Amino acid sequence: MKALLQQQLNTIIAELQYPAIDINFDTPKMEAHGDLTSNAALLLAKTVGKNPRQVAQSIVERLKIDDSFLSAVEIAGPGFINFRFSTKYVVEQATKILKEYHSFGKSQAGNGKKTNLEWVSANPTGLLHAGHGRQVLIGQVIGNLLEWTGHDVTREYYFNNAGNQMRTLAESIYARYRQELGDDYPLPDEGYKGEYITDIAKEIIAAKGDTLKQTDEERTYFKRYGEEWCFKKIKLTLARLNVKHDVFYNEDSLYTTGKITEVIEEFKKKDLAYDSEGAVWFRATKFGADKDRVIVKSTGEPTYRLPDIAYHREKFRRGFELIVDIFGADHIATIPDVLNGVNALGYDTKDVKVIIHQMVSFVNGDEIVKMSKRNAKTYTLDDLIDEVGVDAVAYFFVMRSVGTHLEFDIALAKEQSDKNPVYYLQYAHARIASILRHAATAEIHVDDVATLLATTDFSLIKEKEEIDLLKKLLAFPEIVKSCAFSFEPHRLTTYLREVAETFHRFYHEHRVINDDKQLMQARLTVCLMTKIVIANGCKILSVSCPEKM
RNA sequence: GAUCCCGUAGCUCAAUUGGAUAGAGCAACAGCCUUCUAAGCUGUAGGUUCCGCGUUCGAUUCGCGGCGGGAUCACCA
C-alpha cells in the first residue's frame, strides 16, 4: 500500500513539476487523522513557494483513489494528506496473519547480513548478579529481533580467563580452602567475598581433601576449578532465560595467535603508540581524548583496551558486516578508545553498533534494595528469577528504553495482579485460548487454518473494534523491523500492550461465541490472529504465553 | 573539573526518531459481572515536557547556555 501510494505521489509531483522529494508515510497518532499520513505537501511548500494546503490540494486532485483500498483521502491541519483504509482492504490484509502464522512478522529486511552480537561477556570469576539481567535480556531480545528481520546472527560471549581477576579468584578460593581446613589464612585484600567462593572451596575439599595445601605459585588447580565452576553456573542461569550463545570467544586466543603483538606493531608503525615509563601508550589524544592511554603495562601485560581492539578487528576479519556490542553504562569510557583503535586499523566503525544501557536499581515496594558487590550476600540473577519468575524478569528488563535508568520493582514483578504489565499481556493470550476452546465444542476447529481460510466469510468482520484491532495487528511486522533497526526492544513491549488493550476492548464490546455460526467463525479468526501476534511477540521477548491462567 | 546518559501527570514510564489536540500503567474518584477468563472494560481528574535562547511551516525530539540526578574519568575489566 505504501509503495503504491508512494509511486502515485511521485508521478503526480513530477507532473506538477515540483521537485522530487523522499515521500514517507507515518501512522498518525490520532484516529481522526486516518491510517496513513504524508507530509509531502509541507516539505514541498517552501521550495514551490505556495501554501502547503494548496500544494496538498493540487496533489489530491490528481490522485486516483481506488476505493477497494481507500475509503477517504483528506487534507488536514497545516497540509497533511491523510489516507484512510477501506474495511475490505484491512480484512483482506489480515488474512495473511493466518497464512503466515508463526512467521507473521518475519522479514528479510536484514538481507542475511552477517551479524555478530556480543553481550553478557562476564568473566568467569563469579555469578551473574541481578543487575546483569538487563544486559542479558536486552541482548537476547535484540538477537531475536535481528533474526526476525533476516540477519544472520552469531551470538557471542567474550571472556577472559587470564590476568588479575582470575588470579584473585584463585587466591580467594585458596584462602577459603585453607580456612575451611581450619587454618588461619587471610583472604587477600581485594579478594572475592561472595559465599560462592566458600562453596567452591568446600567442593574442592570434598574432591581432593587437604592434598592441595601446597600448591604451585599460580594456584593452577584453583584457577581452573573456579573458572569452570563459575562458567557452569553462568550458563545455567542464562539457560533459564533461554539465552544461548553460539560462540564463547576466549581473549587468551588473541595472545596465543599473536593478534595482540600484531596490533601493537601496527600502531607503532602508524605512530599511534609509543613507549614511555616502561609501558606502551596509545595516542588517544590524537582522537580527542584528554590523555593518552596505557595499552601495555610496565609488567608486560596489556590493559583491556588492547585485546578489545584486536578482538574487534578479528570480528571484521571473520566476515561480520554488522557488529553489535552491548555494554553497561559503567563501561562507557572505554568505548571511544576501542572504536578509535579499530578505525585506525582501517575498519569502518559505522558497522559497529555499540548499545549502552543505563544501570538498574531494585526496589521492593517502597524499600530500596542494596546490592553492593563488597557485601558477601550478593543478590544474584538466579535469586531474582527464583523470586519473580522467568517471564517477569524477561519482560521487566526490556520494558524501558536502554538509555534510561531502570527501576525494577520486585514486589510489582511478583504480584499476580493487574498491576503487573506482564500479566496484562499474558491474560489477553489466555483469554483468547479460552475462547478458542469454546469454539472447539461448537465444532469450529481453529487449528485447521486452511479450512478456516476457505470457509470463513471475512466480510462479516466490520465492527469498529474489530477493524481497529486488525489494523493494530497488521502493524506488527513494521514494529519488529523498527525495533530491530533502531535497537530499541522496549518498543515491542509498548506495542504488545496496545495489542492486548485493543483486544480487550473488542472482547468487551462484541461476543465471539454466539448462535450465528458464520459470525462466530469470522470473529474467531480475529481472536486467532490476535493470539498469533501476541505469541510471536512474546517469542521475541522470551516471555511465555500461557493457554490458561 | 571533563566526558556520556537522563530530566515528561503525585509515582514508574511512552511518544512512530522533526509532525497535528504530549499518551499509558499504578495511585485517586465514579460506573460495568445470571452470558466467551472482572488478571477485564468505560468515564472523571491530573501538564509551563527542568529553565532560557536559537534553528523552521512545526521542537518532548535538533543546537548552544544554565540547573538537577546518574555513570565514568587506573599501568582494574
Side-chain angles (χ1 to χ4, degrees), chain A residues 25-30 32-33 37 39 42-43 45-46 51-52 76-80 82 121-123 125 160 163-165 168 190 251 277-281 288-291 293-305 307-308 328-336 356-359 361 363 399-409 412 415-424 426-428 430-439 442 475 478-479 482 486 488 490-491 493-495 497-498 500-501 503-505 507-514 520 523-524 527 548-549:
Chain A
F25 297 94
D26 286 321
T27 307
K29 276 187 246 181
M30 242 174 302
H33 297 155
T37 182
N39 61 353
L42 291 164
L43 297 175
K46 198 179 183 187
N51 176 319
F80 292 101
N82 296 337
S121 298
N123 285 335
T125 57
N160 172 8
N164 262 331
Q165 290 186 56
T168 307
E190 295 301 312
E251 180 185 320
E277 305 162 40
V280 183
W281 297 69
D290 54 342
K291 55 186 173 187
R293 311 288 184 188
V294 169
I295 49 175
V296 182
K297 297 186 249 179
S298 49
T299 60
E301 287 178 336
T303 64
Y304 62 92
R305 289 168 217 273
D308 270 9
D330 52 339
H331 283 234
I332 196 144
T334 80
I335 291 157
I356 298 155
H357 61 87
Q358 297 301 308
M359 301 284 98
S361 60
V363 295
M399 73 178 173
R400 302 301 180 213
S401 85
V402 299
T404 186
H405 182 91
L406 172 68
E407 185 167 289
F408 193 118
D409 188 340
L412 177 63
E415 192 165 320
Q416 306 220 345
S417 81
D418 54 347
K419 290 181 188 171
N420 189 335
V422 190
Y423 285 92
Y424 186 79
Q426 293 185 319
Y427 181 69
R431 204 177 215 187
I432 294 169
S434 167
I435 297 169
L436 298 184
R437 283 193 294 273
H438 281 276
E478 281 301 319
I479 296 289
S482 76
S486 63
E488 291 182 334
H490 76 281
R491 286 168 49 192
T493 61
T494 308
Y495 166 77
R497 219 205 64 79
E498 287 168 8
E501 185 181 24
F503 173 76
H504 286 311
R505 199 174 300 138
Y507 172 89
H508 190 260
E509 290 300 315
H510 305 288
R511 266 196 78 80
V512 176
I513 306 298
N514 61 40
M520 170 162 70
R523 287 191 176 157
L524 282 168
C527 291
K548 279 184 188 173
M549 283 174 82

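Each chain gets a letter, A, B and so on, in the order the sequences are listed, and its residues count up from 1. Only a predicted model underlies this, so the values are computations on that prediction, with no experimental measurement involved.
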Does [N] have its OP1 or OP2 closer than 4.0 Å to a side-chain nitrogen or oxygen of [X]?
X: A:Ser401; N: B:rA14; answer: yes
X: A:Lys46; N: B:rU56; answer: no
X: A:Lys297; N: B:rA74; answer: no

Quick one: label [X] by what it contacts on the DNA or RNA (base, sugar-phosphate, nothing), any heavy atom closer than 4.0 Å.
X: A:Ile332; result: sugar-phosphate
X: A:Ala428; result: nothing
X: A:Ser486; result: base
X: A:Arg491; result: base
X: A:Asn51; result: nothing
X: A:His510; result: base
X: A:Ala45; result: nothing
X: A:Pro28; result: base
X: A:Thr125; result: nothing
X: A:Thr404; result: sugar-phosphate
X: A:Thr494; result: sugar-phosphate

Could you work out, with ring pair (Phe, Tyr, Trp, His ring centres under 6.0 Å) as the rule, every residue matching A:Phe408, not counting sequence neighbours?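 Partners of A:Phe408 by the ring pair (Phe, Tyr, Trp, His ring centres under 6.0 Å) criterion, ordered by chain and then number, come out as A:Phe362, A:Phe396, A:Phe397.
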Whole-angstrom distance between [N] and [M], as gauged at atom [atom1]:
N: B:rA22; M: B:rG46; atom1: P; result: 14 Å
N: B:rA14; M: B:rU60; atom1: C1'; result: 11 Å
N: B:rC29; M: B:rA9; atom1: C1'; result: 16 Å
N: B:rU55; M: B:rC64; atom1: P; result: 15 Å
N: B:rC62; M: B:rU16; atom1: P; result: 11 Å
N: B:rU8; M: B:rU61; atom1: C1'; result: 12 Å
N: B:rC50; M: B:rA45; atom1: P; result: 24 Å
N: B:rA20; M: B:rA15; atom1: C1'; result: 14 Å

Base-pairing mate for [N] - Watson-Crick or G-U, with both contacts under 3.5 Å:
N: B:rU55; answer: none
N: B:rU49; answer: none
N: B:rC13; answer: B:rG23
N: B:rC33; answer: none

Please enumerate all residues that pass side chain to side chain donor-acceptor pair (under 3.5 Å) together with [X], with sequence neighbours excluded.
X: A:His405; result: A:Ser361
X: A:Gln165; result: none
X: A:Arg497; result: A:Glu501

Spacing between [X] atom [atom1] and [N] atom [atom2], to the nearest angstrom:
X: A:Glu498; N: B:rC13; atom1: CD; atom2: P; result: 19 Å
X: A:Asp290; N: B:rG1; atom1: CG; atom2: C1'; result: 11 Å
X: A:Ile335; N: B:rC73; atom1: CD1; atom2: P; result: 12 Å
X: A:Lys291; N: B:rG1; atom1: NZ; atom2: C1'; result: 12 Å
X: A:His490; N: B:rC5; atom1: NE2; atom2: C1'; result: 15 Å
X: A:Phe80; N: B:rU21; atom1: CZ; atom2: P; result: 9 Å
X: A:Glu407; N: B:rC11; atom1: CD; atom2: C1'; result: 9 Å
X: A:Phe503; N: B:rA24; atom1: CZ; atom2: P; result: 20 Å

Given side-chain contact (heavy atoms from CB on, under 4.5 Å), test A:His490 with A:Val402 step by step and report yes or no. CA-CA 8 Å; A:His490 76 281; A:Val402 299; over 6 Å; no
No-H, no-angle donor-acceptor pair, [X] side chain to [N] base, under 3.5 Å:
X: A:Ser298; N: B:rC75; result: yes
X: A:Glu277; N: B:rC75; result: yes
X: A:Thr303; N: B:rA77; result: no

Heavy-atom pair of closest approach, residues [X] and [Y]:
X: A:Ile432; Y: A:Cys527; value: CG2-O, 3.4 Å
X: A:Tyr424; Y: A:Ala500; value: CE2-CB, 3.6 Å
X: A:Pro52; Y: A:Leu42; value: CB-CD2, 3.8 Å
X: A:Gln358; Y: A:Gly403; value: CG-O, 2.9 Å

Less than 4.5 Å apart, side chain to side chain, heavy atoms only: is that true for A:Asn160 and A:Tyr304?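 Result no, sub-4.5 Å side-chain heavy-atom pair not found.
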A:Asn514 side chain reached by A:Arg523 side chain, heavy atoms, under 4.5 Å: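 The answer is yes, as the side chains (C-beta and beyond) meet within the 4.5 Å cut-off.
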Between A:Leu43 and A:Trp281, who's closer to the 5' end of RNA chain B by nearest nucleotide?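 Result of the comparison: A:Leu43.
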Could you say whether A:Asn160 or A:Ala76 is positioned toward the 5' end of RNA chain B, judged by the nucleotide with the nearest heavy atom to each?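 Between the two, 5'-proximity favours A:Ala76.
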Between [options], which one does the side chain of [X] approach most closely?
X: A:Arg400; options: B:rA14, B:rA20, B:rA71; answer: B:rA14
X: A:Tyr304; options: B:rA20, B:rA77, B:rU37; answer: B:rA77
X: A:Met30; options: B:rA77, B:rC73, B:rU21; answer: B:rU21
X: A:Asn39; options: B:rU21, B:rC36, B:rG19; answer: B:rG19
X: A:Asp330; options: B:rU37, B:rU72, B:rA20; answer: B:rU72

Using a cutoff of under 3.5 Å, can you pull out all pairs of nitrogen or oxygen atoms linking the protein to nucleotides 40-46 of chain B, with atom names and distances?
residue	atom	partner	partner atom	Å
B:rG40	OP2	A:Asp418	OD2	3.1
B:rG40	O2'	A:Arg431	NH1	2.9
B:rC41	OP1	A:Tyr424	OH	2.5
B:rC41	O2'	A:His508	ND1	3.0
B:rU42	OP1	A:Arg505	NE	2.6

Taking only residues two or more places apart in sequence or in another chain, which ones pass side-chain contact (heavy atoms from CB on, under 4.5 Å) with A:Tyr427?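 Checked A:Tyr427 against side-chain contact (heavy atoms from CB on, under 4.5 Å); matches are A:Arg431, A:His504, A:Met549.
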